[in-house]
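Everything below concerns the one structure shown next.
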Amino acid sequence: MSYLRSIVQRPSIRDLTTYLLKPSKQQCIAQSTRKNLTCQIQPTATRALSLSHTLDAAPKSHDRGPRSTEDTQTDFGSLNVLGNTPAPSTSIDACLWDGFHLDSGVKITGGSGVILVAGEAFNWKPWESGNGGMKLVNEKGQFDVEDEAWGLFSLVWPKPDLLILGLGKEMRPISQRVRQHLNSLGIRVDIQDTRNAAAQYNLLATERGLNAVAGALIPIGFKEGVGVK
C-alpha cells in the first residue's frame with residue numbers, strides 16, 4: 001500500500017558537519033515525507049577535548065633521546081686527516097707588523113718580507129729591486145716589481161708548482177709583467193692579503209709538501225713609499 005510507505009531523506013554531509021561541530025545544545029534533523037516536513041528536536045551530546053598532550057611539562061634536557069651506550073659513535077677528531085701530520089718548520093705562527101714568526105722559532109723582523117721555499121726561509125725586500133724608493137705599486141694600482149725580485153725562484157730546483165703571494169694588509173692585483181715572468185718559470189700564482197696568505201701556505205704546505213708550495217709575504221705594516229714604520 002503506497003500510503004503506508006514513507007521516504008526518509010538521509011542527512012547530508014553538511015548536516016552531519018553542522019551537527020557535530022555546532023556548539024548549540026540542540027540540533028534539528030529534518031525528515032521529509034511526501035506530504036510534510038517535520039522537525040525533531042534532539043539533545044546534543046557535548047564532547048570534551050582532552051588537552052593533556054599540550055599541557056605536558058617542559059623537557060628536562062635538549063637531547064632528542066636517551067644517551068647512547070653504543071661504541072660506534074662518530075669521533076669527529078679522527079676525521080681530521082692532517083691531525084697527526086707535523087707542521088712544516090717554515091709554517092707561519094704569527095704575522096707581525098714588521099715581520100713574521102715561524103714554527104721553527106725563527107723570527108723575521110725589522111720590516112723585511114720573507115720567501116718560503118723548499119723548507120727554507122729567506123729575507124725578502126722586493127722594494128729594493130730596480131730604482132728602489134719603497135715602491136711596490138704601479139700607476140694602475142697593481143703590484144709590480146722588477147724580475148730580479150724573483151731571482152731566487154730562477155735558482156731553486158725543483159721549482160714549486162704554486163706561489164702564494166701575500167701583498168700586505170690589503171690584497172691588490174699583480175701586473176701582467178709579473179704574472180708572465182712567474183708563469184715562464186712554471187709557477188702558478190695565488191694572490192692574498194698577508195694574513196690569509198700565511199694561513200693558506202700553512203695548510204697547503206702541510207697537505208702537498210714543502211717542494212710543491214712556496215710563499216712570498218710582505219709585512220702587514222708596509223706602506224707604499226714609506227715602508228714599515
Side-chain angles (χ1 to χ4, degrees), residues 82 85-129 134-138 140-156 158-229:
L82 301 177
T85 304
S89 60
T90 55
S91 62
I92 301 171
D93 280 350
C95 294
L96 307 180
W97 184 258
D98 64 341
F100 305 90
H101 285 182
L102 305 185
D103 184 73
S104 61
V106 175
K107 297 180 180 180
I108 300 173
T109 58
S112 176
V114 62
I115 285 182
L116 307 170
V117 59
E120 302 290 341
F122 301 90
N123 284 323
W124 186 46
K125 297 181 179 180
W127 48 85
E128 294 183 353
S129 62
M134 296 291 180
K135 296 288 186 179
L136 296 177
V137 181
N138 61 17
K140 297 181 180 180
Q142 301 171 333
F143 178 81
D144 190 10
V145 294
E146 299 295 330
D147 293 348
E148 62 186 70
W150 314 104
L152 180 62
F153 293 104
S154 301
L155 302 175
V156 68
K159 289 179 171 51
D161 177 66
L162 176 64
L163 172 64
I164 300 174
L165 189 57
L167 299 181
K169 189 175 181 180
E170 298 178 352
M171 185 179 68
R172 64 178 68 249
I174 63 175
S175 66
Q176 187 67 20
R177 183 171 64 87
V178 170
R179 186 180 295 275
Q180 287 178 350
H181 176 72
L182 291 173
N183 289 344
S184 67
L185 299 175
I187 302 174
R188 296 181 294 114
V189 185
D190 187 8
I191 309 167
Q192 303 275 351
D193 62 272
T194 292
R195 287 190 178 93
N196 286 322
Q200 188 165 355
Y201 171 81
N202 291 346
L203 175 64
L204 295 181
T206 303
E207 182 182 29
R208 301 184 185 181
L210 294 174
N211 290 330
V213 180
L217 309 177
I218 295 172
I220 59 178
F222 182 86
K223 294 183 180 180
E224 183 71 7
V226 178
V228 177
K229 299 295 183 180

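We use all heavy atoms of the structure for the numbers below, so side chains are in, but hydrogens, waters and symmetry mates are not.
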Side chain [X], main chain [Y], donor-acceptor under 3.5 Å:
X    : Y    : value
Q200 : I164 : no
N202 : A205 : no
Q192 : M171 : no
T194 : L217 : no
W124 : A149 : yes

To the closest 0.5 Å, what do you measure between [atom1] ([X]) and [atom2] ([Y])?
X    : Y    : atom1 : atom2 : result
I108 : H101 : CD1   : NE2   : 9.5 Å
S91  : L210 : OG    : CG    : 9.0 Å
L167 : N196 : CG    : CG    : 11.5 Å
R195 : I220 : CZ    : CD1   : 3.5 Å
K135 : S129 : NZ    : OG    : 13.5 Å
I174 : Q180 : CD1   : CD    : 10.0 Å

| query | With I115, which of L152, V156, L163 fulfils side chain to side chain contact (heavy atoms under 4.5 Å, CB included)? | reply | L152

State, yes or no, whether a side-chain contact exists between [X] and [Y] at a heavy-atom distance under 4.5 Å.
X    : Y    : answer
F143 : L165 : yes
H181 : V178 : no
L136 : P126 : yes
I92  : L116 : yes
R188 : L162 : yes
L96  : P219 : no
S104 : T90  : no

| said: One thing to verify: whether D147 and R177 come together as a salt bridge, which I'm taking to mean a side-chain N less than 4.0 angstrom from a carboxylate O. | reply: yes

Can you name the nearest heavy-atom pair linking [X] to [Y], along with the distance?
X    : Y    : value
N138 : S175 : ND2-CB, 4.1 Å
F100 : S112 : CE1-O, 4.1 Å
F153 : L185 : CB-CD1, 4.0 Å
T206 : P88  : OG1-CD, 3.2 Å

| Do other residues, nucleotides or ligands put more than 12 heavy atoms under 6.0 Å from K169 NZ? | no

